[in-house]
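We count residues from 1, following the sequence as given. In what follows, every heavy atom counts, from backbone to side chain, and hydrogens, waters and symmetry copies are set aside. A quick note: this is a predicted structure, and the numbers were derived from the prediction, not measured.
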Amino acid sequence: MEPVSVGLVGAGPWAERAHAPMLAKSPHLRFAGVWARRPEAAARLGAPVFERVEELFDACEAVAFCVPPGVQAELGVRAARAGKALLLEKPLADSLENARRLAGAVREAGVASQMVLSMRYMKQVRAFLARCADIEAFGGHAANISNVLLGDHPFGTPWRLERGALLDVGPHVVDLLDAALGRVIGVRAHGNPLGWTGLLLDHEGGAVSEASMCMAAAGDLPPASVAVYGRTGSARLLPGDDDDLFETIAEEFARTVRQGGGHPLDAAHGLRLQEIIAEAEAQLGTP
C-alpha cells in the first residue's frame, strides 16, 4: 500500500507528543507538512511549515487535525470541500450545529474520515470489547477522573477550562459504553462539567450504564476504568500504555483513505457522540 501524504493542522502539546511522531514514523503515512497559528511551534515538528492552510491542503492527500474543537469544525469543512480525507480529534466540534456542519461536509464531499478516539485502537480495549460481546451484557459503569482543570496542567487549554469534562473525556466514555453495551439511545445528566458530572445511559436492547467524569479532582486519583456485567460473565478494563496505539491509527487511516472510507469511527460516529454530549449539556446548562 502506497503511503498516504498527510498534512497536520496544529502544533500544540498533543500534536507534538502524538500526531507529529505518528506521521513521521509510520510506514503507511508520509508527513507532508504542518500549518499552525504559531509558526514557531510548527517549526519544532520536523516537517515543512506552510504559511497558509490552503497551501498545506494543496501539498497532501489527507489532513490530520490537532486543534481546539471550534477550529477543527471550521478548517475540517474547508479540507473536506478541498477533497481531503480527514483524521479528526474528539470532540468533532465545539457545538452540535458545527458538528453537523462538519459531518455534512464530509458526507457531501464523499471523502474518507476517521476519529482519533484513541482508546478504541488499544489492544486491551479491543479484547475487552470482544469479551463484552460474549457475556450477554446488561449493565456497566465507567469513571474518568483527573486534575486537568487544576493548576498549570499542559492540557488545561482554554476550551477545556470553559467546557470541562463532558466535552473533553465524555466522547471517550460514551463511546466505550456504547461499544460495550449497545447503541446509546437515551441520556440523563446531573452535576457540573467543571466539577463532577454523572450520566445515566440507556442502550438499545435494554442495557443500562452509569458514567462519572471529573477533571477537577486533587490527590491520588484512580485510573480511568470501565466495567461491564452480563448474564454469563463480566469484563473490566483498566487501560494501560500501548506502544502500537498510534501505529494502529496510522495503518487504519491509510487503509481508510486508500479504500475510500468505511471506518466505523468516522465523522458520522463522531456526530452521534456529539449529539449525546449535547443532550447531556443541555440538561446541565452551560458551565
Side-chain angles (χ1 to χ4, degrees), residues 14 18 69 88-92 99 114-146 148 155 160 163-189 191 193 196-215 217 221-230 233-242 244-246 248-249 252 263-281:
W14 189 236
L88 299 159
E89 269 291 347
K90 60 79 205 165
L92 187 61
Q114 186 173 317
M115 298 289 295
V116 182
L117 290 156
S118 55
M119 295 176 68
R120 290 287 294 276
Y121 300 89
M122 294 180 175
K123 294 184 180 69
Q124 65 266 41
V125 172
R126 292 182 169 181
F128 164 78
L129 293 176
R131 168 69 175 161
C132 291
D134 291 336
I135 62 174
E136 298 181 31
F138 56 79
H141 58 79
N144 191 306
I145 315 300
S146 75
V148 169
F155 292 108
R160 290 183 174 93
R163 300 289 288 277
L166 193 52
L167 190 64
D168 185 20
V169 300
H172 284 307
V173 173
V174 172
D175 175 61
L176 283 176
L177 290 171
D178 182 269
L181 289 163
R183 189 182 182 96
V184 173
I185 57 174
V187 58
R188 286 155 286 168
W196 190 276
T197 302
L199 302 181
L200 299 176
L201 301 175
D202 299 317
H203 301 260
E204 277 186 349
V208 295
S209 63
E210 296 87 37
S212 298
M213 290 165 279
C214 178
M215 295 169 61
L221 302 176
S225 64
V226 184
V228 169
Y229 303 91
S234 62
R236 189 170 185 227
L237 174 66
L238 292 170
D241 294 331
D242 186 340
D244 296 328
L245 161 64
F246 288 100
T248 300
I249 293 173
E252 293 189 8
H263 197 280
L265 304 180
D266 61 4
H269 182 73
L271 173 59
R272 189 164 69 81
L273 296 178
Q274 190 110 20
E275 289 172 342
I276 297 166
I277 298 302
E279 173 60 27
E281 285 191 317

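Scanning all heavy atoms of the two residues, the minimum distance from Gly139 to Ala207 falls at N-CB, 4.4 Å. The minimum heavy-atom distance linking Ala267 with Leu88 is given by the pair CB-CD1, 4.1 Å. Between Ala224 and Leu238 the shortest heavy-atom distance is O-CD2, 3.8 Å. Residue Val173 comes nearest to Ala142 through the heavy atom pair CG1-CB, 3.9 Å, listed as atom of the first residue, atom of the second, then distance. Nearest heavy atom pair, residue Phe138 against residue Gly230, reads CE2-C, 3.3 Å. Counting all heavy atoms, side chain and backbone alike, Ala137 lies closest to Ala180 at CB-O, 4.3 Å.
Side chains of Gln114 and Asp266 form no contact here, defined as non-hydrogen atoms less than 4.5 Å apart. Within the 4.5 Å cutoff, no side-chain heavy atoms of Ser225 are placed close to those of Leu237. A heavy-atom distance below 4.5 Å is not found between the side chains of Ile185 and His203. Counting heavy atoms from C-beta on, the side chains of Met213 and Ile145 never come closer than 4.5 Å. Residues Val169 and Val148 are not in side-chain contact: their nearest non-hydrogen atoms beyond the backbone lie 4.5 Å or more apart. Annotation: side chain of Leu176 is in contact with side chain of Val125 (closest heavy-atom distance under 4.5 Å). Residues Val228 and Ile135 form a side-chain contact, since some pair of their non-hydrogen atoms from C-beta on lies under 4.5 Å apart.
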request  = Go through the steps to decide whether Arg236 and Phe128 satisfy the test side-chain contact (heavy atoms from CB on, under 4.5 Å), and finish with yes or no.
outcome  = CA-CA 7 Å; Arg236 189 170 185 227; Phe128 164 78; 5.6 Å; no

ask   = Step by step, would you call Leu177 with Val184 a side-chain contact (heavy atoms from CB on, under 4.5 Å)?
value = CA-CA 8 Å; Leu177 290 171; Val184 173; 5.6 Å; no

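Atoms CG and CG, from Leu181 and Asp202 in turn, are 11.5 Å apart once rounded to the nearest 0.5 Å. To the nearest 0.5 Å, atoms CE (Met115) and CG (Leu265) are separated by 8.5 Å. We find the OG-CZ distance between Ser118 and Phe246 to be 6.0 Å, quoted to the nearest 0.5 Å. Taking CG of Leu245 as the reference point, atom NZ of Lys123 lies at 9.0 Å (rounded to 0.5 Å). The CG atom of Leu117 sits 8.5 Å away from atom CD of Glu89, with the distance rounded to the nearest 0.5 Å.
When each of Val174, Leu199, Ile277 is checked for a side-chain contact (heavy atoms from CB on, under 4.5 Å) with Val187, only Leu199 meets the rule.
Side-chain atoms of Gln274 come within 3.5 Å of backbone atoms of Leu92 as a donor-acceptor pair (strictly under, hydrogens ignored).
Classified by interplanar angle (parallel below 30°, tilted 30° to 60°, perpendicular above 60°), the ring pair Tyr229/His141 is tilted.
Sequence neighbours left out, the pairs with a member in residues 125-136 that pass side-chain hydrogen bond (donor to acceptor under 3.5 Å, both in side chains) are Arg126-Glu252. The list of side-chain hydrogen bond (donor to acceptor under 3.5 Å, both in side chains) pairs with a residue in residues 165-187, not counting sequence neighbours, reads Lys90-Asp168, Arg120-Asp175, Arg160-Asp168, Asp175-His269, Asp178-Arg272.
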